Protein chains: 2
Amino acid sequence: MAGRGGPAPAEDLQRILDVDRLIHEPARLLIVALLASVGEADFVFLQRETGLTKGNLSSHLARLEQSDYVRIEKSFRGKIPQTVCSLTSEGRSAFKTYRSQMRRTMGGRPG
Amino acid sequence: MAGRGGPAPAEDLQRILDVDRLIHEPARLLIVALLASVGEADFVFLQRETGLTKGNLSSHLARLEQSDYVRIEKSFRGKIPQTVCSLTSEGRSAFKTYRSQMRRTMGGRPG
DNA sequence: ACAGACTAGTTTGTATTGCAGACCACTGGC
DNA sequence: GCCAGTGGTCTGCAATACAAACTAGTCTGT
């Protein structure tokens with residue numbers, strides 16, 4: 001009825017409250033969007049791209065791992081430890097959901 | 001350059017960190033979106049539409065008022081107090097900015 | 001007229017959680 | 001051995017979202 005491009009009806013708007021807070025947090029949204037875009041990335045790359053501090057990045061990644069949104073694989077590049085991160089299928093799907101949710105909500109008329 | 005519809009380049013993604021947290025918070029996003037859509041609304045209407053508790057709604061409105069995003073006018077409907085809320089031009093503009101920011105970020109390819 | 005229920009909204013307390021800086025483990029040059 | 005650099009985790013503080021308790025006043029029944 002309201003059609004794509006029309007204002008979101010109130011019930012749709014209300015759903016904003018159910019949005020996945022884990023992904024909604026800007027720092028994590030950035031991480032997840034980045035991972036969705038590049039497939040996988042190591043810690044150093046993520047830190048450079050996001051501009052987050054190590055502590056901050058580390059804790060957000062830990063949280064994302066706990067929730068099975070991100071898979072973290074620790075390995076060695078030569079003798080130097082390396083942490084490679086990628087989205088799990090859950091994470092990918094959660095991001096997709098989040099995105100379409102957000103698009104629907106934000107997609108209304110310019111008013 | 002990346003063209004609308006392409007993936008957002010890293011610099012664009014990074015800007016997620018600068019989003020207006022005041023609006024980004026789901027409860028307030030809902031309030032603001034609602035106000036943007038209907039023009040103005042009283043407390044009771046907002047509570048019904050959002051499903052927020054009174055306390056929650058009250059404090060979010062107070063915050064939005066403090067930041068000059070929302071104008072709050074107290075009056076009486078008969079003998080009963082009534083609080084009417086509407087977006088200020090600042091609020092409207094902040095919402096617009098937020099929305100286009102979010103659309104740009106979320107608008108990339110499905111990947 | 002008084003008690004109790006209801007409307008409209010604010011204040012208060014608590015529990016998360018985001019953030020940055022201190023810290024730890026290891027490697028490589030001198 | 002010592003100092004600098006890399007890779008990453010842990011800790012303490014500040015912000016804040018949330019709901020329950022409270023305030024102020026009105027309406028209803030008896």
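Worth knowing before you read on, the calculation uses all heavy atoms, side chains too, and leaves out hydrogens, waters and symmetry mates. The shown structure was predicted, so the numbers you read here are calculated from the model rather than taken from an experiment.
Both Gln82(A) and Leu17(A) lie near DNA chain D, and the one whose nearest nucleotide falls closer to the 5' end is Gln82(A).
Between atom CZ of residue Arg77(A) and atom CG of residue Asp42(A) there is a gap of 7.0 Å, rounded to the nearest 0.5 Å.
Taking atom CG on Leu30(B) and atom C1' on dA17(D), their separation rounds to 15 Å, with Å as the unit. Computed from coordinates, the Leu57(B) CG to dT10(C) C1' distance equals 12 Å when rounded to whole Å. Rounded to an integer number of Å, the gap from CZ of Phe76(A) to P of dT6(D) is 18 Å. Taking atom CD of residue Gln66(B) and atom P of nucleotide dT11(C), one finds them 11 Å apart after rounding to whole Å. At whole-Å resolution of the value, CG in Leu29(B) and C1' in dA17(D) are 15 Å apart. Separating the CG atom of Leu46(A) from the P atom of dG7(D) is a distance of 13 Å, rounded to the nearest angstrom. Ile16(A) places its CD1 atom 15 Å from the P atom of dA17(D), with the value rounded to the nearest Å.
Looking at heavy-atom distances under 4.0 Å, Gln47(A) makes no contact with the nucleic acid at all.
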Practice task
Indicate for each nucleotide in nucleotides 17-30 of chain C, in 5' to 3' sequence, whether protein heavy atoms under 4.0 Å reach the base (B), only the sugar-phosphate (S), or nothing (-).
Solution key: SSBBB-----S---
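Residue Met102(B) is grouped with residue Leu17(B) when hydrophobic side chains (ILVMFWY) are merged at heavy-atom distances under 4.5 angstrom, including chains of intermediate members. Under the 4.5 Å side-chain heavy-atom criterion for grouping Ile, Leu, Val, Met, Phe, Trp and Tyr, Val84(A) is not connected to Ile72(A) through any hydrophobic cluster. There is no path of hydrophobic side-chain contacts, each under 4.5 Å, that joins Leu30(B) to Val44(B).
Taking only side-chain nitrogens and oxygens, Arg77(A) comes nearer than 4.0 Å to OP1 or OP2 of dG7(D). For the OP1/OP2 pair of dG8(D) and a distance below 4.0 Å, the side-chain nitrogens and oxygens of Ser58(A) include no atom meeting the criterion. Side-chain N/O atoms of Lys74(B) include one lying less than 4.0 angstrom from OP1 or OP2 on dT10(C).
Remark: Arg21(A) engages Glu25(B) in a salt bridge, criterion side-chain N to carboxylate O under 4.0 Å.
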